[in-house]
2 protein chains.
Amino acid sequence: MITLKQLAKELNVSISTVSKALNNSDEIGKETIKRVKELAEFYNYKPNKVALSLKQNKTKTIGVIIPDILNYYLAKVLFGIEREASEYGYNIITCISNESLEKEKESLQLLANGSVDGFILSLAKETQIKGEIAHFNRTIESGLPIVMFDRVAHDVICDKVIVDDFEATYNATKNLLAEKRKQIAFISSIDSLSVGKLRERGYIKAISETTTHQPLLLKMSNKKECSKKIKSFFKKNKTIDGIIAADSASGIISVNTAVNLGLSVPKNISVIAFGSKSVSYHSIPQLTTIRQHAKKIGSIAAQQLIKRLELKNAEKMEVTTKIVKTSLVKSKSTL
Amino acid sequence: MITLKQLAKELNVSISTVSKALNNSDEIGKETIKRVKELAEFYNYKPNKVALSLKQNKTKTIGVIIPDILNYYLAKVLFGIEREASEYGYNIITCISNESLEKEKESLQLLANGSVDGFILSLAKETQIKGEIAHFNRTIESGLPIVMFDRVAHDVICDKVIVDDFEATYNATKNLLAEKRKQIAFISSIDSLSVGKLRERGYIKAISETTTHQPLLLKMSNKKECSKKIKSFFKKNKTIDGIIAADSASGIISVNTAVNLGLSVPKNISVIAFGSKSVSYHSIPQLTTIRQHAKKIGSIAAQQLIKRLELKNAEKMEVTTKIVKTSLVKSKSTL
DNA sequence: TTGAAAGCGCTAACAG
DNA sequence: CTGTTAGCGCTTTCAA
């Protein structure tokens, strides 16, 4: 990489002249500016990012910590974050906590050495189970703002972007009830997550408000066993005619299993699941899904963080919690 | 963030003494080291990464440019890269080219300003179609090594990590032939990618070596239309009894569509597709898959780059191309 | 209109 | 054993 120093030497001017010329300072003569710019162009000069960061005490880099990059939803949020950030000239450093509290702490710690200006993150499963939040507070106190999305720690005072999980399943369940379904079950493989619990509560509320039958729940911890568990669940409960699935895998497997058992979807049984468009193609008939607008969540989170970073007296800015509304996209697995 | 300067002031010693003490220099007295470390601990001192990078002229950061983060396979490679990199104390800055040549160039350009020590990348679709490679060569000439994986530019001289795509479909096709399948088709929605072409060629070779029937190809550009196209393809070609799918979506949809049309899988028709374990659950019966060991590809790519970065005279190190062998994991969609 | 010098936080050669 | 100094690449005040 070519430096100002080298340019200055070759042009027989001082470093500061070159710097000013490249920044179009009106202190510098037109002729000089032209000469400098030409040579810079010739050598494809780019100001060294590290030096700039050191000087200006900000890196234009955001640390993103996500629990699982193989989760389609989380990957999509990341996509949204990246796009928005790069729009504003920010880079993102990605760390994957792999659902581990330890790795989450470590990443936070590691990047808090001047590598990033702030964080966007979603809590690791283990963090949610153990309820630890001290590491977040420490980070915020040290001057690095955090924006949390989806799986958030309510007790930490910071900006948050969440989904209306409770309402989403509440409405979805109501929707199946409106189809005159009599026995609606809730299937989840994300029971340990805050969002999983919210979704369950939305379902339970709708059921207990409207019907007399008990909520019917199938909760699984292991994705591997989903197929078997769902199959035996269906066999045991022959009267089920509706499914609310808290995650897309459960939804897809429910439809495919029902069809496989000779049930007609949606004639005998309707299925609604959290999930994206592309995953909806994985079942025949195609799955009716609750869309979370993951990209939007990502871009809102990025906007929020950048706004705070570029504010003069950021402390004075109140923290906000933005709720991104889901939409129910009807397809072929419901009436 | 607390700095050496502040520590030095509070301890009434010089900055360099503090620096040396923290680095356990034997120039410094035991007692002093102890005092310094205690205070550093107390303030939770962390050396400023940016200053270190500037001083040492390396960032311990890798730029990763991937075409599509929502592609499960690519996300998994990213996972492998991240894990390996963090093992060696490297961070990764992720850019998503979104299959666009322009964005790919831009990211490369942008990070070549001292932000990263080198790159790991897979080519954007557009880059492969247009065959542009100048931007890669420029980057390498400027001293930043590149490791390419999966979708590589053969004409660029750099380290590469690839999959034995050709052999994989060749062997998979042979496998179906060994099942006495008479009419095996090849279905792909990634025709424009280098790997897509290799996979097709492997299939064609196996077919033309062994049978007299013409290769039977269904190539789609639009994922959206997959379901319809596959359905009409099946209806038109009633004698098909085997499928090799170049991508997992095609495979999943093939199985589900076949079942839906009343065919028995694998009795009437066998299906093999490129894909991961988790995607194999999305069809009933479960899909037989060609596994690419994405995480391994990621970690090998990271290892290779880091090795080159930490070598003294890296130019002298020959470039290598590593081939990661696929494995055929049999499940319920084949005999 | 241009240049010299200081400083961002750190390391390391050299001096004391 | 400890301190002074220079320098990584850049911006910016102040002086010429």
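Computed from heavy atoms alone, side chains included, the values below leave out hydrogens, waters and symmetry copies. Chain A is the first sequence line, chain B the second, and so forth, proteins listed ahead of strands; every chain is numbered from 1.
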* Structure fact -> Taking D:dC14, C:dA13, C:dC10 as options, the one with an atom nearest any side-chain atom of B:K20 is C:dA13

* Sequence neighbours excluded, which residues qualify as side-chain hydrogen bond (donor to acceptor under 3.5 Å, both in side chains) partners of B:N12? -> none

* To do: Would you mind classifying the nucleic acid contact of B:T3 as base, sugar-phosphate or nothing, using non-hydrogen atoms under 4.0 angstrom?
  => sugar-phosphate

* To do: Would you give the length of the straight line joining atom CD1 of A:I81 to atom CD1 of A:I62, rounded to the nearest 0.5 angstrom?
  => 8.0 Å

* Residues in contact with DNA chain D, drawn from residues 49-63 of chain A - heavy-atom cutoff 4.0 Å -> A:A51, A:L52, A:K55

* What's the shortest heavy-atom distance between B:I306 and B:A85, and which atoms? -> CD1-CA, 4.2 Å

* Structure fact -> Rounding to 0.5 Å, atoms CD (A:Q6) and NZ (A:K9) come to a distance of 8.5 Å

* Asked: Is the phosphate of C:dC10, meaning OP1 or OP2, less than 4.0 Å from a side-chain N or O of B:S19?
  -> no

* Step by step, would you call B:V163 with B:F149 a side chain to side chain contact (heavy atoms under 4.5 Å, CB included)? -> CA-CA 9 Å; B:V163 157; B:F149 70 89; over 6 Å; no

* Asked: Is any side-chain N of the basic residue among A:K37 and A:E41 closer than 4.0 Å to the acidic one's carboxylate O?
  -> no

* Results of salt bridge (Lys or Arg N to Asp or Glu O under 4.0 Å) for A:E84 - residues two or more places apart only -> none

* With A:E87, which residues qualify under salt bridge (Lys or Arg N to Asp or Glu O under 4.0 Å), at least two apart? -> none

* **Proximity to DNA chain C (any heavy atom under 4.0 Å), residues of residues 8-17 of chain A only** => A:V13, A:S14, A:S16, A:T17

* Does C:dC10 have OP1 or OP2 sitting under 4.0 Å from an N or O in the side chain of B:Y45? -> yes

* To do: For B:K20, enumerate each residue passing the salt bridge (Lys or Arg N to Asp or Glu O under 4.0 Å) test, keeping only those at least two apart in sequence or located in another chain.
  => B:E27

* Among residues 21-28 of chain B, which contact DNA chain D at a heavy-atom distance under 4.0 Å? -> B:E27, B:I28

* Structure fact -> Across all chains, not counting sequence neighbours, the side-chain hydrogen bond (donor to acceptor under 3.5 Å, both in side chains) partners of A:T61 are none

* **Cationic N near anionic O, under 4.0 Å, B:R35 to B:E10** => no

* Stepwise salt bridge (charged side-chain N to carboxylate O under 4.0 Å, His left out) check, A:K60 with A:D117 -> CA-CA 6 Å; A:K60 291 269 243 173; A:D117 296 339; over 6 Å; no

* Asked: Within less than 4.0 Å of OP1 or OP2 of D:dC8, is there a side-chain N or O belonging to A:K5?
  -> yes

* Asked: Through what angle, rounded to 10 degrees, does the axis of the helix from C:dT1-D:dA16 to C:dG16-D:dC1 turn between its ends, using five pairs per end?
  -> 60°

* Which value, rounded to the nearest 0.5 Å, describes the distance between B:I69 atom CD1 and B:I96 atom CD1? -> 5.0 Å

* Roughly, in whole Å, what's the span from CG in A:N48 to P in C:dC8? -> 18 Å

If you look only at distance, which donor and acceptor atoms sit under 3.5 Å apart when one is on a side chain in residues 127-136 of chain A and the other is two or more places apart or in another chain?
residue, atom, partner, partner atom, Å
A:T127, OG1, A:E104, OE1, 3.3
A:T127, OG1, A:E104, OE2, 3.0
A:Q128, OE1, A:S194, N, 2.8
A:Q128, OE1, A:S194, OG, 3.3
A:Q128, NE2, A:S194, OG, 2.9
A:K130, NZ, A:E126, OE2, 2.8
A:E132, OE1, A:K105, NZ, 3.4
A:H135, NE2, A:E104, OE2, 2.8

* Structure fact -> Applying salt bridge (Lys or Arg N to Asp or Glu O under 4.0 Å) to B:D150 and not counting sequence neighbours gives none

* Looking only at non-hydrogen atoms, find the nearest pair between B:C95 and A:E82 and report the distance. => CA-OE2, 3.5 Å

* **Selection: residues 29-40 of chain B, any non-hydrogen atom under 4.0 Å of DNA chain D** => B:G29, B:T32

